[in-house]
Every structure is written in structure tokens, then in C-alpha cells.
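Some notes on the structure that comes next.
Keep in mind that what you see is a predicted model, and the values were worked out from it rather than measured. When a ligand or atom number is given, it counts from 1 through the structure's own listing order.
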Amino acid sequence: MKVEFSAFPKAFSGNVAVFVAAERQLLATAKTLDQQAGGALGRAIAASRFTGAKGQSLTVLGQEKTGRLLLLGVGKARELDVRAAESLGGQVVADANAAGQKAVTVVVDPVKGTRLPPAEIAAHIALGARLRGYRFDRYKTKEKPEQKPTLEEVTVVVSTLADARRAYARLEPTVDAVFFTRDLVSEPANVLYPAEFARRARGDLTKLGVKIEILGEAEMKKLGMGALLGVGQGSERDSQLLVMRWLNGPKSQAPVALIGKGVCFDTGGISIKPAGGMEDMKWDMGGAGAVTGAMMLLAGRKARANVVGICALVENMPDGKAQRPGDVVKTMSGQTVEVINTDAEGRLILCDAMWYAQDKFKPQAMVELSTLTGAIIVSLGHERAGLFSNNTALSNKLRAAGSEVGEKLWRMPLGPKYDKLIDSDIADMKNVSGGRDGGSITAAQFLQRFVQEGVAWAHLDIAGMAWSTKGNDTTPKGATAYGVRLLDRWVADNYER
Ligand code: BES
Ligand code: MN
Ligand code: ZN
């Protein structure tokens, strides 16, 4: 599906989407089409529940030449921000495919009362349309044409054409990065194992100027990453540490570090998971996927910042060689961990990746993303990721970035009483508290024990966000790439110039 921009034509033909503001206010083009159709639009609206509120839509048949007319509610003008524009773009695509259309024209009239210029609205409509148009169909070999999505072309009509094209060009790296991440997260684990993940990152990011380094098991052993290696021990596949450097900011600026959980498949290990739904654990590398996509996006738009991305890539399998409950492992930090439950593997690989990042790069801030706990889904569902941090300023910046791009966060607590729950009788700590209570918090407490003095740290538990069974405005069902845009926006807002 492609998106193009065009100036206003003399007359509209084909399927057209136009906008209606709150209180049934037709915008310019809708008004014209209404007149041409002898007031048909107004009558259709009057005969329906459509008021022009945000999210609403109504289909009308216009004159002969215009095909299907999609009226979209934009709500109150001041609510029309870039996110709302992206939603509208996504809505058009979903509607066109549902109706079996091949092409649709979206008309962007100036909206009084918003600070957004039409070119910006048009560009974000285009972005939303592209993001919604994603599809992972590489393993479908027998699909008939009528089973495929029909929409081939979206044309966005806007008077300030050059501005719109320029604005969209700035947004296009976002599409590439989000699609790259969605592909990684969608791939089954027989295809995407640690070395293959690293290979794809090397292939696609090197081109953009990202420096890639991949550490294997021998190198990690030398570094003392006993916790990470313990998780991968039961797998036929080699564990990998993927290290990505995008150093394009001032030399004097300490980098920020992005850390990702990349469990390419999580069976639970010897503490094996039940069979039902276990296939979901192919996307237990959603944090690593987001970090890698964010690096792609930063490089794709040539961000003026120093950012390193580090992904811990493993497969958690039961095996004769797998680690056992009760095993004690030594982390790179020197601290020891009693592994009570081999299914709490995310924290075990992240603690070594975080320690490596801090030792090696002395970052000013470290943000880690992981599909870490089922408990965060109990807390927050699929609307917000959990945010845990030792730093309120960092938390606020992340929350702000998230709401700008529609990837919302909710701050969760940390504290010494929770921390105490992971003390072990025989080692420095255990990897689970024992009970299920506060499961996301005790996981975060574990990670915090690996944050070095003076480092602003945040942990984003994205278990409820990496995959969507329903889809939403700009995301079809499946892999969401949650975190890619959030991280990019956080860097853009806080570390560039
Ligand atoms: N990858 C899972 C968490 C998860 C669950 C992600 C559901 C996405 C959807 C993680 O490794 C895990 O197994 N966590 C356990 C922790 C428990 C053993 C303390 C959990 O949440 O049950
Ligand atoms: Mn697990
Ligand atoms: Zn896991």
C-alpha cells in the first residue's frame, strides 16, 4: 500500500474521505460535496447518530462520480493533534479495506482552532495510514486475491503540497523502523533465534551507519555474565549480546543506553509453562525488537545524539543441560543469584546486559524495555506499559514522550520493603519473591540492584503492549512495535542540541 500527496483537483472522483468537526460542522470539501449532492450528506448525518465527534465515521454515497464518501469525525478542533491525525489515517485504511476499496482520497481542509498546519495534519494522516497498512504475510502461500487487503493507494489532498511532502519525508524513517520491529516480533522462533536476530540487525542497521558488535557465549563467559548464560544454557542456539552504537552527538555528551530483553522463545525452562498460549512466547523479544527499531529510527533520521542499544538475546529451553531451580549463578556485577524459578529469566539476562552497558559506556541514563511479567498485564491491561524508575525527572520525560506518540506509560512504585522480598537464604538475592503478589514490582526491584551509582534508570515492562490481539487505530493486530517511537521521541526531546 502506498501513500501519495496531491494538490486539490478540480473535481473529486472515486472514494473520498472528508472531515466533519464536532456539532456536525462540515469542513470545506464536505460542504462542497454536500451541495453537489443536493444536501445528501447533511440529510445522511441528520438521519444518523453521527455528530462529528472524534472516532466516529459515517459512509454516504455521493454523486455519480464520487464513489463512497467516508465522513470522519475530528471532534473539537483543539483536540486535533498529531496523534489524532494518525488515528484518522489509520481509520481510513481500515475502512477502505473493510469495504474492499482499491484507492481512497483523503481531503485535508484547513481546520480553524488547531495550531496544526494542514501540511502537518496531512503528513500524520499519511503516517497513520502507513502504520495501519502493515501486514505480516510472508508465510501465507495460498491466499486468494479476494482474501488479501484491497487497498493499494491512499492519496492525501492538501493545498500546501510541498510542505506536506517535506513533513512526511521526516516521518518516513518511523515507518521503516516500526515495520522492521514488527517483522522481528512476528517471526516464529524457529526462524528468529538469537544469532538470526543479531544478523538481521547487523544487515539492516549497518547500512544506516550504526556500528554493530555481536558478542557470543565465549566472550560473555570471559566477561562473567553467568546469569545471562545460565538462561541460554538449555538451548541448542547460542546466546548473543547485540551491541549497537549510534554516536552522532557532541563528543562531550555521555551516551544514553537502551537495553532490550530478547528472549526469542520462552518455554519457562525447567519451570516449564503450561501448553496453552505458549506460542505467544515467540514475542518475548519485544523489548529487544523495540530497542533495535529505535536504533534504526535514530540513525534513519540522523539524530544528533549519542545512543547505545544493547540486546540480550537468548532462548529459554528445558533440556538435560538446562539450569535447574535452586542453581546459583554469578552475575557480571559479582552479585550472586539463586534461581528459584527458571521462568523468571528476563531479569537474569537483563542484569548482565545492564551491567555491561554501564561498565562499558558510562551512560547518563539507561532505559530498559522488556516483556517481563504477566503481572503487569493484571495491573495495567493493554493500555499502558509499567514504568519503574529511580528518577522522577526521567519518568516524567518518558511519560511525556509516550503520550506524544500514543505509547502510554504508568509509573509504578519501588521501595525497600519490596526489595527485601528477593533476599535469598544462600545467595545475594533470589530471582523471584516466592509469592505472586506485586510480581512486576519485585521484578523491577531485582533489576534495580544492578543500577550503578548516579545512573538515571527506567524499566518499562511492556508485556501487555508488545502484542495486540485486537489491533488499534494505527496498529493492525499482532506485533505493535511499542517503544520504538517512544524511545525515539524521548531522545529527540531531551538529548538533541
Ligand atoms: N515472558 C514472561 C512474561 C510474560 C507473560 C510476557 C505473558 C508476556 C505475556 C516472563 O519471562 C515470565 O515468565 N514471567 C513470569 C514470572 C514469574 C515466574 C515470577 C510470570 O509473569 O509469570
Ligand atoms: Mn519466563
Ligand atoms: Zn520471558
Under 6.0 Å from the NZ atom of Lys330, do we count more than 12 heavy atoms belonging to anything else shown? no
Please could you name the atoms of ligand 1 that Lys261 approaches to less than 4.0 Å, counting only its heavy atoms? 1 (N), 10 (C), 11 (O)
Do Val367 and Val256 have side chains that approach each other closer than 4.5 Å (heavy atoms only, starting at C-beta)? no
Within the 4.0 Å heavy-atom shell around Lys273, which atoms of ligand 1 are there? 12 (C), 13 (O)
Going by atom types alone, do Ser370 and Glu368 pair a side-chain donor with an acceptor below 3.5 Å? yes
Quiz question for you: does at least one protein heavy atom lie closer than 4.0 Å to atom 22 (O) of ligand 1? no
Over all atoms of both residues, closest heavy-atom pair of Leu131 and Arg182: O-NH1, 2.8 Å
Flag side-chain contact, heavy atom, 4.5 Å: Leu258 against Leu369: no
Can you check whether Thr373 has an N/O within less than 3.5 Å of an N/O in ligand 1? no
Counting only heavy atoms, which portion of Asp343 has something under 4.0 Å from ligand 1: side chain, backbone, both, or neither? both
I need the contact type for Asn316 against ligand 1. Using non-hydrogen atoms and a strict under-4.0 Å cut-off, is it side chain, backbone, both or neither? neither
Could you check if a side-chain atom of Pro194 sits within less than 4.5 angstrom of a side-chain atom of Ser239, using non-hydrogen atoms only? no
Please report whether ligand 1 has a polar contact with Trp283, defined as an N or O pair separated by less than 3.5 Å (distance criterion only). no
Relative to the ring of Phe450, is the ring of Trp355 parallel (under 30°), tilted (30 to 60°) or perpendicular (over 60°)? perpendicular
Counting only protein N, O or S atoms and ignoring waters, those under 2.8 Å from the Zn ion (ligand 3) are Lys261 NZ, Asp266 OD2, Asp284 OD2, Glu345 OE2
Trp457 ring center near Phe388 ring center (under 6.0 Å): no
shortest atom 10 (C) of ligand 1-to-protein heavy-atom contact is with Leu372 O, 3.3 Å
Nearest heavy-atom approach of Ala85 to Leu80 is N-CD1, 4.2 Å
Is it the case that over 12 heavy atoms from other parts of the model lie below 6.0 angstrom from the CD atom of Gln147? yes
NZ/Lys362: more than 12 non-hydrogen atoms of other groups inside 6.0 Å: yes
Mark up the atoms of ligand 1 that fall under 4.0 Å of a heavy atom belonging to Thr371, in ascending order. 1 (N), 2 (C), 3 (C), 6 (C)
I need the atoms of ligand 1 closer than 4.0 Å to a non-hydrogen atom of Val432, numbered in the order shown. 19 (C)
Verify, without hydrogens or angle tests, whether Asn306 (side chain) and Asn248 (backbone) share a donor-acceptor contact under 3.5 angstrom. yes
Within ligand 1, which atoms have a heavy atom of Glu345 less than 4.0 Å away? 11 (O)
Measure the shortest side-chain to side-chain distance between Tyr356 and Cys351 over non-hydrogen atoms and say whether it is less than 4.5 angstrom. no
Going by the closest heavy atom to atom 18 (C) of ligand 1, which one wins out of Thr267, Asn341, Val263? Asn341
Nearest to atom 20 (C) of ligand 1, what protein heavy atom do you find, and at what distance? Gly374 N, 3.9 Å
One should read off an interatomic distance between Arg485 CZ and Thr480 OG1, to the nearest 0.5 angstrom, of 12.0 Å
Of the protein's non-hydrogen atoms, which lies at the shortest distance from atom 2 (C) of ligand 1, and what is that distance? Asp266 OD2, 3.6 Å
Determine whether Gln335 and Arg449 satisfy the following criterion, side-chain contact (heavy atoms from CB on, under 4.5 Å), listing intermediate values before the conclusion. CA-CA 9 Å; Gln335 300 177 89; Arg449 290 192 183 201; 4.2 Å; yes
With a cut-off of 2.8 Å, which protein N/O/S atoms are close to the Mn ion (ligand 2), if we only count those under it? Asp266 OD2, Asp343 O, Asp343 OD1, Glu345 OE1
Candidates Met465, Met281, Arg347; heavy atom nearest atom 7 (C) of ligand 1 found on Met281
Taking C-beta and beyond as the side chain, do Gln445 and Lys420 meet within less than 4.5 Å on heavy atoms? no
Closest heavy-atom pair and its distance - Asn390, Gln448: CB-NE2, 3.7 Å
